[in-house]
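Have a look at the structure below, then the notes.
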Amino acid sequence: MAVKIYDTKARKKVALTFRDEGKVSVYVCGPTVYDVPHIGHGRTAVVFDTIRRYLIWSGLEVNFVSNVTDIEDKIIARAARDGLTESEVAQEFEEKYFAELDRLVVMRPDVTPHATGYIAAMVKLISDLVANGHAYTIDDQGVYFDVSSYSAYGELSHRDLATLLESAGARVDVDSAKRSPVDFVLWKLAKPGEPSWDSPWGAGRPGWHIECSAMALGLLGDGFDLHGAGDDLVFPHNENEIAQAGAAGHEFARHWIHSGMVQINAEKMSKSSGNFRSLADALDTYDPRAFRVAVLLTQYRSAMELGDSELTAAASAVDRFDSLARRAMAVEIDLSTASIDRKREQSFRAAMDDDFATPAALAIIFAAVSEANQAFDCEDIETAATLVATVKELAGVLGIVIGRIEDSSGDSRIDQLVVDRETARANRDFATADRIRDNLEAEGVVIADRASGTTWHRR
RNA sequence: GGCGGCGUAGCCGAGUGGUUCAGGCAAGGGUCUGCAAAACCCUGGACGCGGGUUCGAUUCCCGCCGCCGCCUCCA
């Protein structure tokens with residue numbers, strides 16, 4: 001296998017190489033759980049889930065770690081606002097996060113570390129940084145990372161310290177107590193009433209960046225293979241992760257991969273700007289598979305629109321899959337024994353190996369859908385069976401489940417209505433037949449008259 | 001201001017120095033059908049603007065215009 005990925009640090013496509021042959025260790029930055037997940041969380045999760053599925057399908061043993069940040073200023077603020085404890089807030093929104101990801105058929109991480117479960121490891125890492133001179137304390141505030149002490153700072157996001165210093169303070173007030181405006185907090189001392197953990201520097205809580213360094217190193221070890229995150233975390237979050245780990249003497253991620261943002265009307269969607277759509281809303285309105293297809297129809301690094309027109313279009317594409325599945329079911333094709341078209345599988349693999357080119361991979365699958373339909377039209381069932389099996393297999397690799405899970409048979413009331421309509425049609429009483437069809441249509445049941453008889457399914 | 005990215009047909013979105021260059025959605029016309037739905041066939045239309053390199057550029061280079069991201073919390 002020769003997967004190439006666009007490595008953010010290298011700024012080009014590179015061969016994905018592994019610390020341990022045949023195994024790949026992945027860390028992906030997860031959400032801070034202070035509010036409901038939005039469609040941007042959905043996109044990022046689908047992107048990395050698809051990468052994960054592809055790597056597994058390629059025969060690699062994947063260890064996929066993705067964290068939940070369950071202590072942070074925004075959680076504290078939300079708890080205060082709602083009169084809840086921080087852990088209640090975190091728990092509520094973590095549950096909601098995973099509930100939505102479940103609908104998207106996103107696999108749960110192999111390990112989901114929580115910041116509050118890694119305090120000791122973080123304290124240890126900070127202690128190491130203080131001990132070797134990469135961190136300093138400020139009375140009554142906490143412990144800070146000394147960016148100037150780490151010469152490789154900026155290697156991920158390609159910034160140099162001088163430039164950073166120039167622009168520092170341009171957009172945000174600088175905390176004058178810090179030695180340098182670019183220094184960042186490792187340990188925040190608690191104000192009265194805030195949740196806190198004991199540490200050598202006093203009761204407090206970890207800074208945001210330290211948790212990912214500590215958890216990634218703790219769970220995957222030095223020099224793990226792949227670190228992923230949303231594009232907006234490259235700087236400063238991921239950059240700081242590297243600095244913390246590196247300054248403490250650890251080799252950090254070998255490769256970095258970042259997924260693009262979701263936009264609304266060409267503007268980045270974000271909670272802080274208020275232009276966000278919740279994932280629950282999108283998945284209530286559209287088939288979650290349509291969401292997934294819409295996401296994968298765009299290259300993962302590009303910013304993308306993910307609005308009603310995109311979701312509607314993707315929903316139609318999903319219908320195409322389901323129509324094909326119904327067609328296969330109607331002639332009772334046994335997919336478990338059908339062979340896979342190896343040439344298409346190879347093309348699919350080539351597309352995915354090239355930096356997970358899901359748009360190209362989907363194009364291959366859609367082409368197979370068309371040809372499967374053609375084969376059915378020619379009553380070449382054997383060819384059709386191979387193509388349908390191939391579509392199912394490859395779509396499955398992308399996490400797209402083809403064919404409705406719900407049962408579209410066994411509803412005797414609808415079956416009877418269909419029979420009634422057949423009778424009416426036989427009598428050329430089309431007014432009655434059409435009325436029955438319209439009524440069923442209104443409740444989401446679609447009628448299809450075929451040479452082999454009438455079938456129905458739910459929309 | 002610094003760094004980076006983008007501008008492709010009605011929409012979304014791949015991609016490539018050159019004969020017919022994805023795919024999805026939508027539109028128009030057919031086939032099938034009592035009519036639909038689905039499916040299949042056909043059709044139209046693209047590469048922001050101006051230069052340059054080249055036998056040939058949407059694809060490379062330069063300039064310009066427009067848009068966006070990061071530099072602050074953010075998936």
| Which whole-number value in Å describes the distance from A:Asp231 CG to B:G5 C1'? | 9 Å
| Which nucleotide in the set B:G24, B:A75, B:G13 lies at the smallest distance from any side-chain heavy atom of A:Cys29? | B:A75
| query | What distance, rounded to whole Å, do you find between the two P atoms, one in B:G4 and one in B:U54? | reply | 29 Å
| said: Quick check: do A:Asp70 and A:Glu94 have side-chain heavy atoms less than 4.5 Å from each other? | reply: no
| field | A:Leu279 CG - B:A75 P separation (whole Å) | value | 13 Å
| request: For B:C68 and B:G13, measure between their P atoms and round to the nearest Å. | output: 15 Å
| task | Return the orientation label for the A:Phe184 and A:Phe145 ring planes: parallel under 30°, perpendicular over 60°, tilted otherwise. | result | parallel
| request: Tell me what A:Pro359 touches on the nucleic acid: a base, only sugar-phosphate, or nothing, going by heavy atoms under 4.0 Å. | output: base
| field | Stepwise salt bridge (charged side-chain N to carboxylate O under 4.0 Å, His left out) test for A:Arg11 and A:Asp7 | value | CA-CA 6 Å; A:Arg11 270 188 174 165; A:Asp7 186 310; over 6 Å; no
| Hey, does A:Val293 reach any base, or is it just sugar-phosphate, or nothing, if we go heavy atoms under 4.0 Å? | nothing
| query | Counting a pair only when it is Watson-Crick or G-U and both distances are under 3.5 Å, which runs of at least 3 such pairs involve RNA chain B? | reply | B:1-7 with B:65-71, B:10-12 with B:23-25, B:27-31 with B:39-43, B:48-52 with B:60-64
| A:Phe235 side chain, from C-beta outward: closest of B:C73, B:C71, B:G13 | B:C71
| said: Does either side chain, that of A:Asn67 or that of A:Tyr118, offer a donor lying less than 3.5 Å from an acceptor on the other one? | reply: no
| task | Answer yes when A:Lys74 and A:Asp35 have at least one side-chain N-carboxylate O distance shorter than 4.0 Å, and no when they do not. | result | no
| task | Report which part of the nucleic acid A:Ser370 touches: base, sugar-phosphate, or nothing (heavy-atom distance under 4.0 Å, all strands). | result | sugar-phosphate
| query | OP1 or OP2 of B:A75 sitting under 4.0 Å from any side-chain N/O of A:Thr69? | reply | no
| Can you find a side chain N or O atom of A:Gln374 that sits less than 4.0 Å from OP1 or OP2 on B:C41? | yes
| request: Select one nucleotide: of B:G13, B:A75, B:A39, the one nearest the side-chain heavy atoms of A:Arg327. | output: B:A39
| query | Is the closest basic N to carboxylate O distance between A:Arg437 and A:Asp434 below 4.0 Å? | reply | yes
| query | Looking only at atom C1', what distance separates B:A9 and B:G44, rounded to whole Å? | reply | 10 Å
| field | Nearest-Å distance for atom pair CD1/P, residues A:Ile364 and B:G24 | value | 13 Å
| said: Let me confirm one number: the CD-CD1 distance from A:Glu332 to A:Ile381, rounded to the nearest 0.5 Å. | reply: 11.5 Å
| message | Measuring only the P atom in each nucleotide, how far is B:A14 from B:C6? A whole number of Å is fine. | response | 11 Å
| said: Let's go through A:Glu155 and A:Lys9 carefully: what are the C-alpha distance in whole Å and the side-chain angles of both, what is the deciding distance for side-chain contact (heavy atoms from CB on, under 4.5 Å) to 0.1 Å, and is it a yes or a no? | reply: CA-CA 7 Å; A:Glu155 62 182 344; A:Lys9 191 164 155 185; 3.7 Å; yes
| message | Please classify the nucleic acid contact of A:Pro37 as base, sugar-phosphate, or nothing, using heavy-atom distances under 4.0 Å. | response | nothing
| message | Distance check, P atoms only: B:C11 and B:C3, in whole angstrom units. | response | 33 Å
| request: Return yes if a side-chain donor-acceptor contact under 3.5 Å exists between A:Glu72 and A:Thr32, otherwise no. | output: no
| message | Taking any heavy-atom pair under 4.0 Å as a contact, classify A:Glu441: base, sugar-phosphate, or nothing. | response | nothing
| field | Side-chain donor-acceptor contact under 3.5 Å, A:Asn373 with A:Ser370 | value | no
All N/O contacts under 3.5 Å from nucleotides 29-36 of chain B to the protein, with atom names and distances to one decimal?
from	atom 1	to	atom 2	distance (Å)
B:G34	O6	A:Arg425	NE	3.3
B:G34	N1	A:Asp434	OD1	2.9
B:G34	N2	A:Asp434	OD2	2.7
B:C35	O2	A:Arg437	NH2	2.4
B:C35	N3	A:Arg437	NH1	2.7
B:C35	N3	A:Arg437	NH2	3.3
B:C35	N4	A:Asp449	OD2	2.8
B:A36	N6	A:Asp449	N	3.3
B:A36	N6	A:Asp449	O	3.0
B:A36	N1	A:Asp449	N	3.1
B:A36	N3	A:Arg437	NH1	3.1

| said: Let's see if you can work this out: which of B:G13, B:C3, B:A75 has an atom nearest to the side-chain heavy atoms of A:Val262? | reply: B:A75
| said: What contact category does A:Val446 fall into here, base, sugar-phosphate, or nothing, at under 4.0 angstrom with non-hydrogen atoms? | reply: sugar-phosphate
| task | Report the C-alpha distance between A:Lys343 and A:Asp341 in whole Å, list the side-chain angles of each, state the deciding distance to 0.1 Å, and finish with yes or no for salt bridge (charged side-chain N to carboxylate O under 4.0 Å, His left out). | result | CA-CA 6 Å; A:Lys343 276 188 94 163; A:Asp341 183 333; over 6 Å; no
| Out of B:G24, B:C68, B:A22, which has the shortest distance to the side chain of A:Ala363? | B:A22
| query | Using a cut-off of 4.0 Å on non-hydrogen atoms, how would the nucleic acid contact of A:His38 be classed: base, sugar-phosphate, or nothing? | reply | base
| query | Between A:Ile264 (CD1) and B:A75 (C1'), how many Å, whole number? | reply | 14 Å
| note | Whichever of A:Ala314 and A:Gly230 has the more 5' nearest nucleotide on RNA chain B, that residue is A:Ala314
| query | Rounded to the Å, how far apart are A:Leu297 CG and B:G24 P? | reply | 9 Å
| query | Roughly how far apart, to the nearest Å, are B:U43 and B:G51 at atom C1'? | reply | 36 Å
| said: Heavy-atom count check: over 12 atoms from other residues, nucleotides or ligands less than 6.0 Å from A:Asn427 CG? | reply: yes
| query | When all nucleic acid strands are considered with a 4.0 Å heavy-atom cut-off, which category describes A:Ser302: base, sugar-phosphate, or nothing? | reply | sugar-phosphate
| Separation of the P atoms in B:G30 and B:G23, to the nearest angstrom | 24 Å
| Between B:C12 (P) and A:Phe366 (CZ): distance, integer Å | 18 Å
| said: Nearest to the A:Gln299 side chain among B:A38, B:A75, B:A14, which nucleotide is it? | reply: B:A14
| request: State whether A:Lys268 places a side-chain N or O below 4.0 Å from either non-bridging phosphate oxygen (OP1 or OP2) of B:A75. | output: no
| Separation of A:Arg159 atom CZ from B:C71 atom P, in whole Å? | 7 Å
| message | Rounded to whole Å, how long is the line connecting atom CG of A:Asn265 with atom P of B:G66? | response | 20 Å
| Salt bridge check: are A:Asp73 and A:Arg205 linked by an N-O gap of less than 4.0 Å? | yes
| With no angle test and no hydrogens, is the base of B:A38 tied to the side chain of A:Ser323 by a donor-acceptor pair under 3.5 Å? | no
| remark: Heavy-atom nearest nucleotide on RNA chain B taken for A:His41 and for A:Leu324; more 5' hit belongs to A:Leu324
| When you compare B:A57 with B:G48, how far apart are their P atoms, in angstrom units rounded to a whole number? | 15 Å
